[in-house]
Amino acid sequence: MCGIVGFVNSKDQKQEIIEDMMDRIVHRGPNSSGKYTDKNVALGFRRLSIIDLEGGSQPIYNEDRSKVIIFNGEIYNFQPLREQLIAAGHVFSTHADTEVLLHGYEEWGAELLQKVRGMFAFAIWDIEKQELFGARDHFGIKPYYYAEMNGTFMFGSEIKSFLPHPDFNKELNTAALKPYMTFQYSPLNGETFFKNVYRLPEGHYYTYKDGKLTIKEYWDADFTKKDDHSKEEWVEEIDKTVEASIAAHRIADVEVGAFLSSGVDSSYVTSVLRPDHSFSIGFDDKTYNEAIEARKLTKMLDLNNTAAVIDGDMSFKAFPLIQYHLDEPDSNPSCVPLYFLANLASQSVRVVQSGEGADELFAGYQTYGFHTNSKMVRVFAQGLKKLPKGMRYSIGRKFGKMSNFHGRIHLYEATAPARDFFIGHAKVFEEQEAASYLQPEFQNAPSVKEIMNPHFDQTKGIESEVNKMQYVDVHQWMPKDILLKADKLSMASSLELRVPLLDIEVMKLAQRIPAKYVMNQNNTKDAFRQAANRHLPEEWANREKLGFPVPIKAWLKEDHGYEEVKALFTADFAKQFFDQAKIMKLLNDHHEGKAEVQRKIWTIFTFLTWYKVYFIDEEIPTAKAITYETL
């Protein structure tokens, strides 16, 4: 696991510039660094040593030194690919998975991407052709950004690495703020919160030659083909595939630990992996403590667990640094415990496995249409799903217009077209409501429909509305929120996070399973839970998804949290973006118990924190060493 940076131009001082860019992402690779420069390119690399600890330093060259690679990620099937390439005549100088990508590109070109299993963001410079080739993994587990500015093409693992480059223009993308207030993360298709800085889409590669950038897709999810097996057969196949994936993701020359919450996904991973170290974080919240619940499981399974408790004061102190590491504002409250969890784990291990991806691949979210505890309503809704599409849509839209009654939302989302209501798993502000809080210059932004429609347009061959929502999440919620925070906040502590449930082989299985076996009257991700139940105590696999509960509601009612937020809401720079009287009313109403609007407050507070870090303070936030209260 590492960090990569680079740029292409014909200007001078490449050595000094690439060193400055590498320094900005030293947290991604504290063990070593390397660079390559010539008259047209500079490549930089920071290394966190995981495989081939002594010999895997980068950049790495091919046999005749006509090509050079920098790579961030892990290739889990690199050993059989290495054997194929040796048989084809390639000569290896290391035992690292990086070199498999380089020789694989020599042998197969872009077809290499159809053969690899892993998480990756890499760049190969062809010295003879003066051509750059780069690619991002199927799901976007590893980040990849690029920009073309002032005659320079630059790319890297993190946007902050661009800041030292003399050709980089740091400018706020004003079109990003309004949709962010609805989605809670930066949702635009391509462009980021920094003007003219873009994400390379998941499942895509690019070439850059003679000033021309060409981007092409090499993979996409396909939920159109279903296999006819019994539920029991699917449970068996899921379990075999998950076990194999966890084993593949164990490959390392260092110890591999696990993140453990009280939910089924990380519990499944931990129970199969059975690591020497697992890690959990909870809050000093009287109603629910995630760490205490996770500790119960490790006692049942006889596993070691390091669990710690954090509080609001620690969280507010760390928050500017959290937003710095994310590159773009993300008001998902789980960013806070994830940052501390990674920091806690990094004190003992370099690699952890985690449970991200199962909810998207196996339909684990309640927002896919599971909103009631009434078995009668759930069975009725499952029956309605069998109606012809036109009739079902018509009934669903009628449910959407009815006055509220128990089960209405469940029946509506079980029968209406997903395109009518689904944007993912956070809707903080309604679109028009967001506009009412913003200054006029931030009104001109893509609408929610303009953001979502390109994804839904790709679902025309998919029959199930649940599968459509899964497809949309694979391209929206997952890479732009879930995976972004997982990568950035683990690498903030120089920790490699692996996601065995989000694996191309697991995906090949998951997309073939009929929707009735993943989301039905019994549960969300039903077949997956039954597979997990083979390894977990009986009550564990059917636990309700809680999603890293964070007590921001309580923090904002307390005087300390209120004052922290008020200081930003009343700052002079805040009126550039918001109607300050309205955002202060939000804060005061919550603090005084008149309304519970913590997510709206947190979303505005997150943006203002991020903006202050990048555009006002313009320095890396400081953080004291963290002292944990362990359980």
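Here the CD-CG distance, from E360 to L501, works out to 10.5 Å after rounding to the nearest 0.5 Å. The CD1 atom of I159 sits 4.5 Å away from the CG atom of D327 when rounded to the nearest 0.5 Å. One finds the CH2 atom of W234 at 11.0 Å from the NZ atom of K516 (value rounded to the nearest 0.5 Å). Separating the NZ atom in K480 from the OG1 atom in T192 is a distance of 11.5 Å, to the nearest 0.5 Å. Here the CG-CZ distance, from D239 to F528, works out to 9.5 Å after rounding to the nearest 0.5 Å. Separating the CH2 atom in W108 from the CD atom in Q114 is a distance of 12.0 Å, to the nearest 0.5 Å.
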Problem - Verdict with supporting geometry, V235 and N533, side-chain contact (heavy atoms from CB on, under 4.5 Å) - result: CA-CA 10 Å; V235 170; N533 221 11; over 6 Å; no

Practice task
Test side chain to side chain donor-acceptor pair (under 3.5 Å) on S346 and S494 and set out the steps.
Solution key: CA-CA 7 Å; S346 71; S494 305; over 6 Å; no

Handout entry: Stepwise side-chain contact (heavy atoms from CB on, under 4.5 Å) test for F139 and M507
Key = CA-CA 10 Å; F139 304 104; M507 183 65 180; 3.6 Å; yes

Exercise for the section: Test side-chain contact (heavy atoms from CB on, under 4.5 Å) on R117 and S245 and set out the steps. Expected result: CA-CA 10 Å; R117 176 183 191 178; S245 184; 3.6 Å; yes

Exercise for the section: Carefully, step by step, assess D97 and Y76 under the rule side-chain contact (heavy atoms from CB on, under 4.5 Å). Expected result: CA-CA 8 Å; D97 51 351; Y76 301 118; over 6 Å; no

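Below 30°, between 30° and 60°, or above 60°: for Y412 and F421 the angle between ring planes is between 30° and 60°, a tilted geometry. Aromatic ring pairs are classed by plane angle as parallel below 30°, tilted from 30° to 60° and perpendicular above 60°; the pair Y365 and W477 is perpendicular. By the 30° and 60° cut-offs, the orientation of the rings of Y144 relative to Y206 is perpendicular.
Using a 3.5 Å distance cut-off with no hydrogens or angles, the side chains of N72 and R46 do not pair a donor with an acceptor. Of the N and O atoms on the side chains of H249 and Q353, not one donor lies less than 3.5 Å from an acceptor on the other residue. No side-chain donor from either of H475 and N189 sits under 3.5 Å from a side-chain acceptor of the other. Side-chain N/O atoms of N467 and Q470 include a donor and acceptor closer than 3.5 Å. Y368 and D473 are linked by a side-chain donor-acceptor pair at a separation below 3.5 angstrom, with hydrogens and angles left out of the test. Side-chain polar atoms of Y517 and Q530 form no donor-acceptor pair below 3.5 angstrom. One side chain, E99 or H103, offers a donor N or O that lies under 3.5 Å from an acceptor on the other. For the residue pair S186 / E328, a side-chain donor-acceptor distance below 3.5 Å is found, with atom types taken as modelled.
Of the charged side-chain nitrogens involved, at least one lies within less than 4.0 Å of a carboxylate oxygen, so that E505 and K508 count as a salt-bridged pair. R534 has a carboxylate O that lies under 4.0 Å from a charged side-chain N of E236, or vice versa, which qualifies the two as a salt bridge. A salt bridge links K468 to E465: at least one charged side-chain nitrogen sits closer than 4.0 Å to a carboxylate oxygen. Note on R498 versus D503: no salt bridge recorded, every NZ/NE/NH1/NH2 to OD/OE distance being 4.0 Å or above. Using a cutoff of 4.0 Å between basic side-chain nitrogens and carboxylate oxygens, K488 and D330 are not scored as salt-bridged. A salt bridge is absent between D137 and K142: the closest approach of a Lys/Arg side-chain nitrogen to an acidic carboxylate oxygen does not fall below 4.0 angstrom.
Across V116 and L81, no two heavy atoms sit closer than the pair CG1-CD1, 3.9 Å. Pairing each heavy atom of S271 with each of L301, the nearest pair is CB-CD1, 3.8 Å. Smallest separation of non-hydrogen atoms from S266 and S261: OG-N, 2.9 Å. Annotation for P479 and R136: closest pair O-NH2, 4.5 Å, computed over non-hydrogen atoms. Closest heavy-atom contact between M119 and L497: CE-O, 3.6 Å. Closest approach of V336 to I322, counting heavy atoms only: CA-CD1, 4.0 Å.
Checked by atom type and distance alone, the side chain of H204 pairs as donor or acceptor with a backbone atom of E202 at under 3.5 Å. A donor-acceptor pair under 3.5 Å is absent between the side-chain atoms of T270 and the main chain of S267, judged by distance alone. Using modelled atom types, no side-chain atom of T214 and backbone atom of T207 make a donor-acceptor pair closer than 3.5 Å. Judged purely by atom type and a 3.5 angstrom limit, S278 uses its side chain to pair as donor or acceptor with the backbone of N304. Put simply, the side chain of E255 never gets that close to the backbone of V349: no donor and acceptor are under 3.5 Å apart. At distances below 3.5 Å, at least one donor-acceptor pair connects side-chain atoms of H371 with backbone N or O atoms of Q366. K226 contributes a side-chain N or O that, together with a main-chain N or O of I513, makes up a donor-acceptor pair within less than 3.5 Å.
Under a cut-off of 6.0 angstrom, the local environment of CD in E111 is sparse, with at most 12 non-hydrogen atoms contributed by other residues, nucleotides or ligands. Applying the 6.0 Å contact sphere to NZ of K389 captures more than 12 heavy atoms from other residues, nucleotides or ligands. A 6.0 Å sphere centred on CG of D220 holds more than 12 heavy atoms belonging to other residues, nucleotides or ligands. Other residues, nucleotides and ligands contribute at most 12 non-hydrogen atoms within 6.0 Å of the CG atom of D302.
At a threshold of 4.5 Å between non-hydrogen side-chain atoms, the residues M519 and K385 count as touching. Residues L509 and I238 form a side-chain contact, since some pair of their non-hydrogen atoms from C-beta on lies under 4.5 Å apart.
The six-membered or imidazole ring of F193 lies near that of Y180, with a centre-to-centre distance under 6.0 Å. Proximity of the aromatic rings of F120 and F71 is defined here by a centroid distance below 6.0 angstrom, and this criterion is not met. Ring centroids of Y268 and H535 are separated by less than 6.0 Å, placing the two rings close together.
The only member of D481, L326, N332 that meets side chain to side chain contact (heavy atoms under 4.5 Å, CB included) when paired with Y185 is D481.
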